[in-house]
Protein chains: 4
Amino acid sequence: MPRRPATEEAREERRTALLDAAMRLWVEHPERVSNVSDVARAAGIAKGTVYLYFKSKEDLLLAAHERHVEAFFDALLERAQQPERMTLDDMIALTRHHIVEVPAFLPLAMLISSLLDKSVTPEVVRAFEQRKSGRLNAAGALLCRHFDFENVTAGVRLLMQSYGLMLGLWQLLGSACCSQIYANGEALSPDYLTELDNALRALWRGTLNSKDDSHA
Amino acid sequence: MPRRPATEEAREERRTALLDAAMRLWVEHPERVSNVSDVARAAGIAKGTVYLYFKSKEDLLLAAHERHVEAFFDALLERAQQPERMTLDDMIALTRHHIVEVPAFLPLAMLISSLLDKSVTPEVVRAFEQRKSGRLNAAGALLCRHFDFENVTAGVRLLMQSYGLMLGLWQLLGSACCSQIYANGEALSPDYLTELDNALRALWRGTLNSKDDSHA
Amino acid sequence: MPRRPATEEAREERRTALLDAAMRLWVEHPERVSNVSDVARAAGIAKGTVYLYFKSKEDLLLAAHERHVEAFFDALLERAQQPERMTLDDMIALTRHHIVEVPAFLPLAMLISSLLDKSVTPEVVRAFEQRKSGRLNAAGALLCRHFDFENVTAGVRLLMQSYGLMLGLWQLLGSACCSQIYANGEALSPDYLTELDNALRALWRGTLNSKDDSHA
Amino acid sequence: MPRRPATEEAREERRTALLDAAMRLWVEHPERVSNVSDVARAAGIAKGTVYLYFKSKEDLLLAAHERHVEAFFDALLERAQQPERMTLDDMIALTRHHIVEVPAFLPLAMLISSLLDKSVTPEVVRAFEQRKSGRLNAAGALLCRHFDFENVTAGVRLLMQSYGLMLGLWQLLGSACCSQIYANGEALSPDYLTELDNALRALWRGTLNSKDDSHA
DNA sequence: AATGAATGAGGTTTCATTCAT
DNA sequence: CATGAATGAAACCTCATTCAT
């Protein structure tokens with residue numbers, strides 16, 4: 001472990017190590033949000049050093065969440081830029097792989113939501129929201145290549161709605177089972193996955209067919 | 001202030017007063033979750049007294065959330081038991097009135113989700129989930145009278161999915177505006193409402209039409 | 001359970017029931033001093049009623065301790081008033097039966113000692129000490145009939161010293177084993193008893209022989 | 001006040017300062033056990049800092065007690081290692097100096113006894129007891145050089161019994177006067193000292209002479 | 001006399017953050 | 001840059017005691 005990340009690259013490496021450590025601990029102890037001390041130790045650095053890389057604990061958690069979101073959008077953009085037409089199944093698979101099956105994604109997203117209301121300065125929130133909305137719009141626009149949307153906003157909308165569905169259903173179906181899931185070391189609850197599949201299909205069907213309806 | 005709520009009714013009144021106070025403080029200070037001491041003061045009773053009515057702070061918040069949920073389901077059941085056929089617009093109006101426009105409903109629901117993973121004993125969580133699922137099933141079954149579902153579970157599913165959509169979209173569209181909204185004392189963000197409307201219609205359309213699709 | 005102990009006798013009965021309950025709970029939960037609420041419930045009365053019979057929790061514990069002490073002295077006086085000459089073995093047996101084997105006697109005595117320094121008004125302490133010293137002197141005087149003491153204070157001294165030995169050794173040998181003892185439901189630790197036996201014999205030998213020594 | 005006790009030595013100094021403060025407060029306010037907050041203030045550090053040095057309040061009190069015990073044994077061992085033969089008077093003087101006249105020794109020992117039954121984990125208790133018994137055995141063995149014991153355990157026994165006598169007699173004779181004594185700022189109660197002297201002499205006489213008795 | 005709901009002081013402990021080294 | 005000891009606010013919860021009924 002280099003003591004002085006002189007370069008920007010080294011700095012980024014440490015940030016990454018901290019986020020990795022935080023998520024690792026989250027998965028290991030889903031019953032509580034790890035404290036800064038534990039995260040630092042797990043990342044192999046001192047507690048005070050954390051504050052050289054993140055303004056606050058909330059800032060760290062928000063960054064971890066944003067990394068999750070970013071990874072999903074990166075995968076989505078990559079896929080959407082390929083020529084072969086995407087299907088709903090492709091979308092669901094992508095979703096499952098980069099959101100549902102990333103252990104801390106949804107519970108962390110839930111916590112972030114509570115966090116944003118308090119403990120975080122409005123500027124930080126706004127910046128975060130703008131980055132997220134930028135990605136959303138880009139991805140939504142690309143989706144139009146693959147699906148027959150009425151207009152360009154429909155892609156953005158569907159993404160947004162799908163994400164919302166994922167998150168909201170997780171509260172109903174994921175949390176109670178959460179502890180069991182982690183305890184058993186198994187994958188995610190089949191019920192949540194089944195229901196999510198169902199819901200996403202209904203939502204997309206409802207959106208994609210509305211065009212046809214209006215034709216009729 | 002009566003020193004002894006002799007009757008069970010009086011006891012319930014105090015519980016209610018405490019929950020009211022907690023929600024009032026939530027709305028007044030959305031930037032932080034009030035501590036027990038403040039809630040007690042706002043309700044005009046001593047801190048220790050709170051613990052005669054709720055096992056812990058988390059228990060109180062969970063009860064406040066459950067009261068929200070209960071109020072929605074009560075209204076839904078009442079409407080569903082009336083003979084006149086419900087429309088999707090009725091559903092959306094009901095939803096808007098008892099969920100979206102209840103100030104602390106969605107942010108509290110968000111917090112509860114984080115809370116249930118920790119700080120609350122599994123038994124309490126299970127009991128809460130069972131009551132909620134009981135209400136959900138009852139309401140879902142009644143909905144079949146009004147909509148042409150494929151089968152009885154479709155009603156339950158749609159409710160669940162609708163609730164999920166509401167909650168999840170809230171994170172994307174509600175939270176950032178949340179503080180501004182409360183600060184201005186205005187009504188809810190139009191964007192969240194519009195989008196929710198859109199999303200719910202798509203979801204319901206997708207579910208209700210799937211039957212016809214299979215016919216075709 | 002009569003609601004109004006009109007007579008002094010009935011009052012005494014309730015006091016007794018409370019002390020019984022307190023000691024029962026002590027034995028059942030040696031790991032903590034029961035709170036007033038539990039004692040009251042175990043005695044079948046309301047919490048507030050306790051304060052009609054004892055000025056405070058400390059007062060109750062002190063009374064329980066004094067009952068222990070009183071029982072021992074009563075037995076000692078009774079035996080000492082019988083004509084047949086007592087032996088050291090008689091004394092040790094008496095001691096064992098009324099002190100060592102009364103489950104809460106020694107730990108409570110230990111607690112009382114801490115209590116008297118604080119939480120109890122000097123008047124109460126003085127009254128308690130005077131009653132105790134009265135019994136001690138009476139018993140000590142009677143012992144002279146049975147043992148060849150140099151003078152009358154020697155009896156009092158020996159009693160006092162013996163009690164001290166019991167209590168002090170208890171701290172060294174009793175407490176660590178205490179939990180195991182209660183946990184196993186067995187009688188007292190053999191080590192404590194053996195050592196106490198040893199110590200008491202040495203003490204008495206040293207006192208009774210000192211007379212002979214001075215003769216020599 | 002240095003912010004960082006860099007060395008292990010400095011750390012030990014702070015521990016010592018905390019124990020000193022706790023004992024100082026005990027002596028100044030014998031009517032109550034100081035809370036951690038007061039101890040911290042008296043030591044000139046923050047409340048939270050106490051928990052960097054002691055796991056809990058009980059842990060602190062136990063450490064203070066152990067320091068008392070340690071000081072006595074250290075003095076005893078030092079004396080016992082000198083060539084000149086010890087007398088009973090030497091023992092009594094040592095005892096008086098390091099136990100009886102250390103203001104908080106005996107009342108704290110009394111409290112510890114109550115504490116060990118609760119509020120302290122069995123492991124901590126066991127570790128403490130083992131250290132204490134280690135010192136006791138070492139000291140007891142050394143005593144054989146100076147006194148004509150039947151066997152090596154007699155030394156250990158006598159120490160144990162003497163300590164018990166001190167502690168137990170303290171409850172009878174020390175505690176009632178305790179507050180007055182401290183209040184007056186005078187030395188210890190002469191009665192307790194006289195009686196302890198008496199008792200110790202009888203005990204030792206009884207043990208040391210038993211050998212001769214058996215000879216006769 | 002009896003009750004038990006209400007009280008609220010009192011205490012412990014945690015932990016995000018700072019800052020002297 | 002890195003450290004980690006120190007901080008001290010913040011929060012929770014208990015329970016002996018009171019007192020209106």
Side-chain angles (χ1 to χ4, degrees), chain A residues 1-6 10-11 14 32-41 45-60 119, chain B residues 1-6 10-11 14 32-38 40-41 44-58 119, chain C residues 1-6 10-11 14 33-41 45-60 119, chain D residues 1-6 10-11 14 32-38 40-41 44-58 60 119:
Chain A
M1 178 70 47
R3 267 182 76 96
R4 311 182 96 205
R11 184 178 168 78
R14 279 229 165 157
R32 62 188 190 80
V33 180
S34 297
N35 57 36
V36 174
S37 186
D38 287 342
V39 171
R41 190 176 328 118
I45 63 174
K47 185 163 46 163
T49 310
V50 174
Y51 289 85
L52 298 175
Y53 295 89
F54 297 97
K55 272 202 297 291
S56 69
K57 186 189 185 179
E58 277 76 31
D59 192 42
L60 186 150
S119 326
Chain B
M1 179 69 43
R3 259 188 81 94
R4 301 183 65 186
R11 187 178 164 76
R14 278 236 161 156
R32 64 188 188 83
V33 179
S34 298
N35 57 35
V36 171
S37 196
D38 289 341
R41 183 169 37 247
I45 63 174
K47 183 166 45 166
T49 309
V50 175
Y51 289 89
L52 295 178
Y53 291 89
F54 299 98
K55 275 200 293 292
S56 67
K57 183 192 186 180
E58 278 75 30
S119 324
Chain C
M1 178 71 47
R3 265 184 76 96
R4 311 182 96 207
R11 184 178 168 76
R14 280 233 164 155
V33 180
S34 297
N35 58 37
V36 173
S37 186
D38 287 342
V39 171
R41 189 176 328 119
I45 63 175
K47 185 163 47 163
T49 311
V50 173
Y51 289 85
L52 298 175
Y53 294 91
F54 296 97
K55 274 202 296 288
S56 69
K57 186 189 185 180
E58 277 76 31
D59 192 41
L60 186 151
S119 326
Chain D
M1 178 69 43
R3 260 188 82 94
R4 302 182 64 187
R11 187 178 165 77
R14 278 234 162 155
R32 64 188 188 81
V33 179
S34 299
N35 57 34
V36 171
S37 196
D38 288 342
R41 183 168 36 248
I45 64 175
K47 185 163 46 165
T49 308
V50 175
Y51 288 88
L52 296 177
Y53 292 89
F54 299 97
K55 276 201 292 291
S56 68
K57 182 190 184 181
E58 278 76 31
L60 186 150
S119 324

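Note that the structure is a prediction, hence the values are computed from the model and not measured.
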For [X] and [N], what is the distance between atoms [atom1] and [atom2] respectively, to the nearest whole Å?
| X | N | atom1 | atom2 | answer |
| --- | --- | --- | --- | --- |
| D:K57 | E:dT14 | NZ | C1' | 18 Å |
| D:D38 | E:dA9 | CG | P | 16 Å |
| C:L60 | F:dC15 | CG | P | 16 Å |
| B:L52 | E:dG8 | CG | C1' | 12 Å |
| A:K55 | E:dT17 | NZ | P | 12 Å |
| A:I45 | F:dT3 | CD1 | P | 7 Å |

Quiz item: Would you say the base of E:dG10 and the side-chain of B:K47 have a donor-acceptor pair closer than 3.5 Å?
Solution: yes

Using only side-chain N and O atoms of [X], determine if any of them is under 4.0 Å from OP1 or OP2 of [N].
| X | N | value |
| --- | --- | --- |
| C:R41 | E:dG4 | no |
| D:R32 | E:dG10 | no |
| B:N35 | F:dA10 | no |
| B:Y53 | E:dA6 | yes |
| C:R14 | E:dA2 | yes |

Exercise. Hey, which sits more toward the 5' end of DNA chain E by its nearest nucleotide, D:E58 or C:T49?
Key: C:T49

Exercise. Between A:S37 and D:V33, just flag the one whose closest nucleotide in DNA chain E comes earlier from the 5' side.
Key: D:V33

Taking pairing as Watson-Crick or G-U wobble with both contacts under 3.5 Å, can you name the mate of [N], or confirm there isn't one?
| N | result |
| --- | --- |
| E:dA1 | none |
| E:dT21 | F:dA2 |
| F:dC13 | E:dG10 |

Quiz item: Considering heavy-atom distances to DNA chain F, does A:V50 or D:V50 have its closest nucleotide positioned more toward the 5' end?
Solution: A:V50

Quiz item: So which heavy atom on C:N35 is nearest to which on C:D38, and how close?
Solution: OD1-N, 2.9 Å

Practice problem: Check every atom of E:dT7, F:dA5, E:dT14 against the side chain of D:Y51 and return the nucleotide holding the closest atom. | Solution: E:dT14

Practice problem: Would you mind reporting whether B:K57 and B:V33 have side-chain heavy atoms less than 4.5 Å apart? | Solution: yes

Quiz item: Do C:V36 and C:V39 come close enough that some side-chain heavy atom pair is under 4.5 Å?
Solution: no

Quiz prompt | A:L52 vs A:R14, side chain to side chain contact (heavy atoms under 4.5 Å, CB included): CA-CA, chis, key distance, verdict | solution = CA-CA 10 Å; A:L52 298 175; A:R14 279 229 165 157; over 6 Å; no

Quiz item: To the nearest 0.5 Å, how far apart are OH in C:Y51 and CG in C:D59?
Solution: 10.5 Å

